Visitor: 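A single structure is presented below for examination.
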Amino acid sequence: MQEYLNGLNEPQREAVTHIKGPLMIVAGAGSGKTKVLTTRIAHLMNNGVDAFNILALTFTNKAAAEMKERIERILGNAEARNLYIGTFHSVFARILRAEAHRIGYPNSFTIYDTDDSRSVIKTVVNELNLDDKHYKPNVVGSRISSAKNALVGPAEYATDYYIQQEDMRANRPAIAQIYAAYANRCFKNGAMDFDDLLLKMYELLKNFPEVLHKYQHKFKYILIDEYQDTNPVQYQITKLLAAVHENICVVGDDAQSIYSFRGATIENILQFQKDYDDVKVVKLEQNYRSSQNIIHVANEVIKNNKGQIPKNLWTENKQGDKIVLVRTMTDNDEGRFVADCIQEQKLRYHFYNKDFAILYRTNAQSRSFEESLRRMGIAYRIYGGVSFYQRKEVKDFLAYLRVIANTRDEEALKRIINYPVRGIGKTTIEKCVIAANEQNISMYEVVSRAGEFGFKAGTLEALQNFHTMIRYFQSMLTNTNAYDVAIQVGKHTNLVKELFNDKTTEGLARYENIQELLNSIKEWTESPSNEDGELGDKSLGSYLQQITLLTDADDDKGEQDAVKMMTIHAAKGLEFECVFVGGVEETLFPSGMSINTREELEEERRLFYVAVTRAKQKLWLTYANARYRFGQLVQNDPSRFIEEMPEQYIDKTYAGGGARNNAGSDMGSAFERMQRGFGFGGSSNAAAAERKYGPPPSRKPSSKPEYLPVQPPAAKVVAHVPSADFVASDTSQLQAGQKVEHQKFGFGTVSSVEGSAHNPVATIQFEKNGEKKIMLNYAKLRIV
DNA sequence: TTGGAGATTTTTTTT
DNA sequence: AAATCTCCAA
């Protein structure tokens, strides 16, 4: 008997060993879903299914790579490299690359990221003489994206009564026109946006029976992870692919559906049973991840949602700690609390940095956490946000490569035609675009035939030089790999040199980024196989196509001992020993944008459910009375989700005061209690904690974190034992020049008092700990 | 044509 | 607070 089956519980084994026919796995959070998927694939292969006939669609490329690795370990051979595993987008991009000629695209078509796509929309809006203030690229773009995800093309969009009504009501009747122009322009540019990778794949299968036939018979077994987050195009594609063999296995949890803004619909998972006869349904309800308390809270909150697949998530794990609710004055206090708390937990329970995750609803919230962690000297890594490949200098460099691989790519061409500056200004670019539109040729072709369009001598020369350079790069394309081309681009454009000569801090960072980019291209070129196991294709085109689809989660720089910070969306599928969820406030979580309909609110609640169920042992929910938004302090109420959690599982020690308007509470503000308790107060330093709890274990974290604390000056507080007679003085009249004693920082001299009358802030020069800004309303100071 | 000062806008969430 | 856009002088 195959021993890999032994580690499975009953329903898991059922899911793994069901080989023929449609299978739906309803997998609760932490129920061993990945294990089931990998074991199932291994089991299929062990039972004679050829790896080449298996397609597995995952949510991130990293998940795909991990699965491959685990399967190899189970099987003990390298067969897994032949599997087709990847995200919808990367798998389809690969197929489209092979079939591009059928639909009029170059096989090295460009993949536009969101920025590129918005930029094209803006161009198109202006060309149609519409106001881009009213037809905002973001608004129009998301409208187009929804249409594509729902399989609505430009023609149908323009004639659909309901859609048109909506656009009329929003006073944006021209969106249909923009959609059509946008689609045309993308095609003309030889480019696909993210949605096109799905839509064109669908059209390919729909319009070319021989292609459909080919892939139907190639993919005899199909597995789809995170099925609750698939949208109608993805649904239709998989339905087409699975139509012959019907060996389709979907895994999902309706309670974790959090991508409706991307067109995902729970309908897909609810519909699955009706689509095929004889669907086997397996429910995985035992949670192996979290404590009893965490599971109870999660279950209780999600009950407030209507209409779900009934299930009962349970665990045999121990009860665990209560969920800690934390209220602070501002977002900065929130950051400080979390950083202090991590420090304390590490000392007390011997956790490593990597055991902690800070999750939040919006990327912008990372700032205050980042600052506090840095001050404390705690290593951290932020996932998401602006990714490496979105940085301006990186995009600029890549734009060269894009033009070389695909001259139709007008977006890229416009980016680089005058970068570095070579005297081809806005007017000239506009002229080129207009000429291109008139003649119905690409902008690049105008540049290449610049002599025919009556440019001034100087301009003409600049254009011709540019064209000669690009042609030179292209001549290397056929017999050189991506890295060699990139190096030549760096040399001949003077880009690298120019950045090198820029000695400002930002210039230096930009230079380093380009170096890193070149290194990563080199690494990619030299690695034996691509991420999907395809051997050999080290061309520039191949490189460019995978680069756009990489996400931050994918570039895993090894297990680092760093606190992880990311949005809740990005945390899907992950787990951590200790989790902080920040900004649990009305208008933030649930988002102010998503409280207008029941559906929206329920999705926010599912998001809350996802956040809570990421934690294995410990969970903190923090919220601030007020936080900065657009540089202004705004008040917020605690999130409604807090009230939905049963009291008995909640520790409210830190949830009392905080607000000034809550003076009746005898708890004192969270900040005050923090000072009384851990982190502050002279005695609770590392040495004391070590005396009390013993030395940290010798197990070493595996590698260096990406963000090692740069300068840890503030982190190392020189311990101060307060005077025996320490009594906080009335500091309302505090003035510059006075000497004071602080419980933690020791003696110092006030250098200034600023801030509003309600919230005075003193800058104090401490003898041992340097300059600190102290909020007088909260800090306890003794005037000496 | 270029670059910079000042004005304006932006925050959901992501492949 | 930060990023992007607009306008103007050189």
Side-chain angles (χ1 to χ4, degrees), chain A residues 57-64 86-93 111-119 122 132-133 136-139 141-142 145 148-149 192-199 226 229-231 233-234 257-264 331-332 359-368 371 383-387 389-392 418-430 456 458-459 462 546-554 566-572 583 587-595 600 603-604 606-608 610-611 627-634:
Chain A
L57 297 166
T58 59
F59 206 69
T60 62
N61 291 305
K62 188 184 167 197
T87 61
F88 276 91
H89 291 85
S90 65
V91 165
F92 295 167
I111 297 173
Y112 279 163
D113 66 15
T114 310
D115 288 342
D116 299 321
S117 151
R118 296 299 183 262
S119 163
K122 202 174 165 191
D132 64 7
K133 286 272 156 16
K136 290 192 187 127
N138 269 324
V139 176
S142 63
S145 176
K148 287 185 176 179
N149 284 320
M192 299 195 197
D193 64 18
F194 288 134
D195 304 316
D196 285 333
L197 293 177
L198 308 175
L199 191 62
E226 308 284 7
D229 285 319
T230 53
N231 60 35
V233 208
Q234 294 170 321
S257 162
I258 54 174
Y259 277 94
S260 73
F261 68 92
R262 217 162 79 183
D331 47 352
N332 292 324
L359 309 181
Y360 34 77
R361 179 67 237 270
T362 66
N363 281 306
Q365 286 167 259
S366 67
R367 204 209 79 250
S368 60
E371 278 172 12
Y383 292 81
V386 178
S387 88
Y389 297 103
Q390 282 172 353
R391 305 219 174 118
K392 188 184 171 297
N418 198 31
Y419 175 84
V421 176
R422 51 173 75 87
I424 304 177
K426 220 169 66 187
T427 330
T428 311
I429 294 176
E430 245 161 53
K456 276 191 299 194
T459 314
Q546 49 105 40
I547 210 76
T548 319
L549 298 173
L550 282 184
T551 62
D552 238 23
D554 295 331
M566 65 190 86
T567 64
I568 301 164
H569 282 90
K572 193 171 77 152
T587 75
L588 195 59
F589 192 14
S591 159
M593 318 290 286
S594 305
I595 44 174
E600 285 172 349
E603 176 146 326
E604 293 289 307
R606 290 193 294 269
L607 198 52
F608 187 78
V610 170
R627 70 174 59 237
Y628 283 93
R629 208 171 194 205
F630 303 138
Q632 273 200 316
L633 204 60
V634 289

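So you know, we letter chains A, B, ... as the sequences are listed, proteins then strands, and number each from 1. It should be emphasised that the depicted structure is a prediction, and the values quoted were computed from it without experimental measurement. All values below come from the heavy atoms of this structure, side chains included, with hydrogens, waters and symmetry mates left out.
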Visitor: Which residues satisfy the side chain to side chain donor-acceptor pair (under 3.5 Å) test with A/S368, sequence neighbours excluded?
Guide: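 Expected list: none.
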
Visitor: Using a heavy-atom cut-off of under 4.0 Å over every strand shown, decide if A/K122 touches base, sugar-phosphate, or nothing.
Guide: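 Touches sugar-phosphate only.
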
Visitor: Of all residues at least two apart in sequence or in a different chain, which pass the salt bridge (charged side-chain N to carboxylate O under 4.0 Å, His left out) check with A/R606?
Guide: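 Scan of A/R606 (salt bridge (charged side-chain N to carboxylate O under 4.0 Å, His left out), adjacent residues dropped) gives A/E603.
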
Visitor: Given atom NZ of A/K62 and atom C1' of B/dT15, what is their separation to the nearest angstrom?
Guide: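 Taking NZ of A/K62 and C1' of B/dT15, I get 17 Å after rounding.
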
Visitor: Quick test: give all pairs of protein nitrogen or oxygen and nucleotides 2-4 of chain B nitrogen or oxygen below 3.5 Å, distance rounded to 0.1 Å.
Guide:
{"unit_1": "B/dT2", "atom_1": "OP1", "unit_2": "A/N418", "atom_2": "ND2", "d": "3.4"}
{"unit_1": "B/dT2", "atom_1": "OP1", "unit_2": "A/G423", "atom_2": "N", "d": "3.3"}
{"unit_1": "B/dT2", "atom_1": "OP2", "unit_2": "A/N418", "atom_2": "ND2", "d": "3.0"}

Visitor: For B/dT1, does OP1 or OP2 lie under 4.0 Å from any side-chain N or O of A/T428?
Guide: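 So the side-chain polar atoms of A/T428 do come within 4.0 Å of the phosphate oxygens OP1 or OP2 of B/dT1, strictly under.
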
Visitor: Would you please name every residue forming a side chain to side chain donor-acceptor pair (under 3.5 Å) with A/Y360, sequence neighbours left out?
Guide: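 In terms of side chain to side chain donor-acceptor pair (under 3.5 Å), with neighbours along the sequence ignored, A/Y360 is linked to no residue.
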
Visitor: With nearest nucleotides of DNA chain B determined for A/F88 and A/T427 from heavy-atom distances, which residue corresponds to the more 5′ nucleotide?
Guide: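 Comparing both residues, the 5'-ward one is A/T427.
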
Visitor: A/S142: what forms a side chain to side chain donor-acceptor pair (under 3.5 Å) with it, not counting sequence neighbours?
Guide: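 In terms of side chain to side chain donor-acceptor pair (under 3.5 Å), with neighbours along the sequence ignored, A/S142 is linked to no residue.
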
Visitor: Treating A/N149 as the side-chain partner and A/R262 as the backbone partner, does any N or O pair qualify as donor plus acceptor under 3.5 Å?
Guide: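 Indeed, once roles are kept as given, a pair shorter than 3.5 Å links the two residues.
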
Visitor: Please identify each residue that fulfils salt bridge (charged side-chain N to carboxylate O under 4.0 Å, His left out) with A/R629, with sequence neighbours left out.
Guide: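 In terms of salt bridge (charged side-chain N to carboxylate O under 4.0 Å, His left out), with neighbours along the sequence ignored, A/R629 is linked to no residue.
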
Visitor: Which whole number of Å gives the distance between the P atom of B/dT11 and that of C/dT6?
Guide: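 Here B/dT11 and C/dT6 have their P atoms 16 Å from each other.
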
Visitor: A/F261: which residues meet the ring-ring contact (aromatic ring centres under 6.0 Å, His included) condition with it, sequence neighbours left out?
Guide: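 A/F261 satisfies ring-ring contact (aromatic ring centres under 6.0 Å, His included) with A/Y259, A/H569 once adjacent residues are dropped.
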
Visitor: Check salt bridge (charged side-chain N to carboxylate O under 4.0 Å, His left out) between A/D196 and all other residues, then give those that pass, not counting sequence neighbours.
Guide: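 A/K148.
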
Visitor: Run the salt bridge (charged side-chain N to carboxylate O under 4.0 Å, His left out) test against A/K136 and tell me which residues pass, sequence neighbours left out.
Guide: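 Partners of A/K136 under the salt bridge (charged side-chain N to carboxylate O under 4.0 Å, His left out) test: none.
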
Visitor: Quick one: list whatever passes side chain to side chain donor-acceptor pair (under 3.5 Å) with A/D115, sequence neighbours left out.
Guide: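 In terms of side chain to side chain donor-acceptor pair (under 3.5 Å), with neighbours along the sequence ignored, A/D115 is linked to no residue.
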
Visitor: How does protein contact run along nucleotides 7-14 of chain B, one letter per nucleotide 5' to 3', with B for base contact, S for sugar-phosphate only, - for none, heavy atoms under 4.0 Å?
Guide: ---BBBBB

Visitor: Less than 4.0 Å between a side-chain N and a carboxylate O, is that true for A/E371 and A/R367?
Guide: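 Yes, charged N to carboxylate O under 4.0 Å.
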
Visitor: How many Å lie between CG on A/L198 and P on B/dT15, as a whole number?
Guide: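 It works out to 13 Å between those atoms.
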
Visitor: Which two nucleotides bound the region of DNA chain C that has atoms under 4.0 Å from heavy atoms of chain A, read 5' to 3'?
Guide: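 On DNA chain C, the outermost contacted nucleotides are C/dA1 to C/dT6.
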
